[in-house]
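Only a predicted model underlies this, so the values are computations on that prediction, with no experimental measurement involved.
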Amino acid sequence: MTKLCVLFLHHMDNDLTRYHAELISQYNPMATLVPLTFRGGIDGAICPVEVPSGFNQWKNSDLLIYYWFRSKDYVAAERYLIIEYDTLCATSFEEFYAGVWDEPVAAAIAYTHQQQPAWRWFCEIRDQTPYQNKLAGLSPLSGILFSRAALAAISELAKDPLYASLYCECRIGTLARTSGYNPVRIRPDIAKYISWQRRNPTSPGIWHSVKTRIDLQYLKPEARSVG
């Protein structure tokens, strides 16, 4: 069983997507990289489910994870890390996530409906009663770390049509909370690195969102100092 499986969510084969996928492997050669897409994608990309015309990929990108986990292409791992295509990875995941490496679920932002009732993805739910006060959010999708047990439970619960209409960040958080998991924050300074807003990398780390290719000397593995 591999120690870490990286689920690389993307929607096209372009220079930025390939570059970010390459950086993941360069800095984390022992991790298993699994590129997931609804249609199209880089070499080796897996489309775990067929989607109808007009399907909103942006709103439902987390479905790639659950369908893949329950498919024949599933890879057994101790941990799973969600990385979106616009994430620049310029360090070891094990180093970056050291403080939460053994946590069941860790994310950049984790909150409940009780904590953040005005979040737009909670507000769009007309009837919240069926969720029994378990509505939660993990934002953004990129950077979320799961144990195998946690992702297995979430992927099984995702079969329930009750969760089909939820926005991806709301669905994954609600599934985690309903499955009995309380996500923790990746690290105290995570807002510097991972956000739904664009980030300008200034040091080694895991950066989201990065929409342009950034070639800086410190991002190259051979340029890192050791010790």
Side-chain angles (χ1 to χ4, degrees), residues 5-22 24 32-77 80-87 89 105 107-108 119-128 130-131 134-146 148 150-179 183 194 196 208-211:
C5 180
V6 180
L7 304 178
F8 184 67
L9 308 186
H10 65 295
H11 64 281
M12 66 176 67
D13 180 8
N14 61 12
D15 181 67
L16 179 67
T17 303
R18 290 191 298 272
Y19 176 58
H20 284 172
E22 290 166 1
I24 292 172
T32 299
L33 178 64
V34 177
L36 295 176
T37 183
F38 282 116
R39 54 174 67 94
I42 63 177
D43 286 346
I46 297 171
C47 302
V49 60
E50 293 186 13
V51 296
S53 176
F55 178 79
N56 190 324
Q57 298 182 37
W58 174 74
K59 187 174 182 178
N60 295 288
S61 55
D62 64 317
L63 296 182
L64 287 169
I65 301 162
Y66 318 136
Y67 278 108
W68 171 82
F69 195 88
R70 303 193 303 259
S71 76
K72 62 179 177 58
D73 296 310
Y74 160 77
V75 174
Y80 297 87
L81 181 61
I82 302 172
I83 295 293
E84 293 180 299
Y85 81 98
D86 55 349
T87 306
C89 301
V105 186
W119 190 42
R120 63 177 295 190
W121 305 117
F122 293 148
C123 292
E124 75 166 11
I125 304 170
R126 294 182 179 180
D127 182 8
Q128 300 177 356
Y131 302 101
K134 296 294 186 180
L135 286 173
L138 299 181
S139 180
L141 280 183
S142 200
I144 301 176
L145 179 70
F146 290 104
R148 184 162 59 97
L151 189 54
I154 290 169
S155 297
E156 184 64 24
L157 185 58
K159 294 178 181 179
D160 190 331
L162 172 65
Y163 305 98
S165 64
L166 299 182
Y167 176 68
C168 57
E169 293 178 0
C170 180
R171 179 165 45 224
I172 201 167
T174 302
L175 290 171
R177 192 177 181 204
T178 305
S179 298
I194 298 178
W196 58 270
H208 176 276
S209 163
V210 179
K211 300 291 188 180

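- Val49 is linked by a side-chain contact (heavy atoms from CB on, under 4.5 Å) to Phe38, Val51, Tyr67, counting only residues two or more places apart in sequence or in another chain.
- Between Ala108 and Ile194, the shortest heavy-atom contact is CB-CG2, 3.8 Å.
- Considering only residues two or more places apart in sequence or on other chains, Glu22 meets the salt bridge (Lys or Arg N to Asp or Glu O under 4.0 Å) condition with none of them.
- In this structure, the side-chain hydrogen bond (donor to acceptor under 3.5 Å, both in side chains) partners of Ser209, at least two apart in sequence or on a different chain, are Asp86.
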Distance-only check: which donor-acceptor pairs under 3.5 Å involve side-chain atoms of residues 152-163, not counting sequence neighbours?
unit_1	atom_1	unit_2	atom_2	d
Ser155	OG	Leu151	O	2.8
Glu156	OE1	Lys159	NZ	3.2
Glu156	OE2	Lys159	NZ	3.1
Asp160	OD1	Leu162	N	2.9

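- Atom CD1 in Ile42 sits 10.0 Å away from atom CG in Leu36 (nearest 0.5 Å).
- At least one side-chain heavy atom of Leu63 sits under 4.5 Å from a side-chain heavy atom of Arg171.
- Heavy atoms only, all atoms of each residue included: Ile83 and Cys89 are closest at CG2-SG, 4.1 Å.
- A donor-acceptor distance shorter than 3.5 angstrom exists from the side chain of His20 to the backbone of Tyr85, with no hydrogens or angles considered.
- Distance CD1/Ile144 to CD1/Ile172: 4.0 Å, rounded to 0.5 Å.
- To the nearest 0.5 Å, atom CG of residue Asp62 and atom CG of residue Asn60 are 6.5 Å apart.
- Summarising the geometry of Arg148 relative to Tyr74, their closest heavy-atom pair is CD-OH, 3.5 Å, with the distance given to 0.1 Å.
- Residues satisfying the side-chain hydrogen bond (donor to acceptor under 3.5 Å, both in side chains) test with Ser142, not counting sequence neighbours, are Thr87.
- With sequence neighbours left out, the side-chain hydrogen bond (donor to acceptor under 3.5 Å, both in side chains) criterion links Trp119 to Tyr111.
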- Task: Would you please test Phe122 and Tyr167 for side-chain contact (heavy atoms from CB on, under 4.5 Å) and show each step?
- Result: CA-CA 9 Å; Phe122 293 148; Tyr167 176 68; over 6 Å; no

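- When all heavy atoms of Leu9 and Ser61 are compared, the pair lying nearest together is CD1-O, 4.0 Å.
- The line from CG of Leu7 to CD1 of Ile46 is 9.5 Å long, rounded to the nearest 0.5 Å.
- One distance of note links CG of Leu64 with CG of Leu141; it measures 10.0 Å at 0.5 Å rounding.
- Not counting sequence neighbours, the partners of His10 by the ring-ring contact (aromatic ring centres under 6.0 Å, His included) test are Phe8.
- The side-chain contact (heavy atoms from CB on, under 4.5 Å) check on Ala136 picks up Arg177, with sequence neighbours excluded.
- At a threshold of 4.5 Å between non-hydrogen side-chain atoms, the residues Leu166 and Trp121 do not count as touching.
- Residues passing the side-chain contact (heavy atoms from CB on, under 4.5 Å) test with Ser71, sequence neighbours excluded: Trp68, Asp73.
- Listed by first then second residue, pairs satisfying side-chain hydrogen bond (donor to acceptor under 3.5 Å, both in side chains) with a partner in residues 32-49 read Thr2-Thr32, not counting sequence neighbours.
- Nearest heavy-atom pair across Pro140 and Glu169 is CA-OE2, 3.4 Å.
- Considering only residues two or more places apart in sequence or on other chains, Asp15 meets the side-chain hydrogen bond (donor to acceptor under 3.5 Å, both in side chains) condition with Arg213.
- To the nearest 0.5 Å, atoms OH (Tyr80) and CD1 (Ile65) are separated by 12.0 Å.
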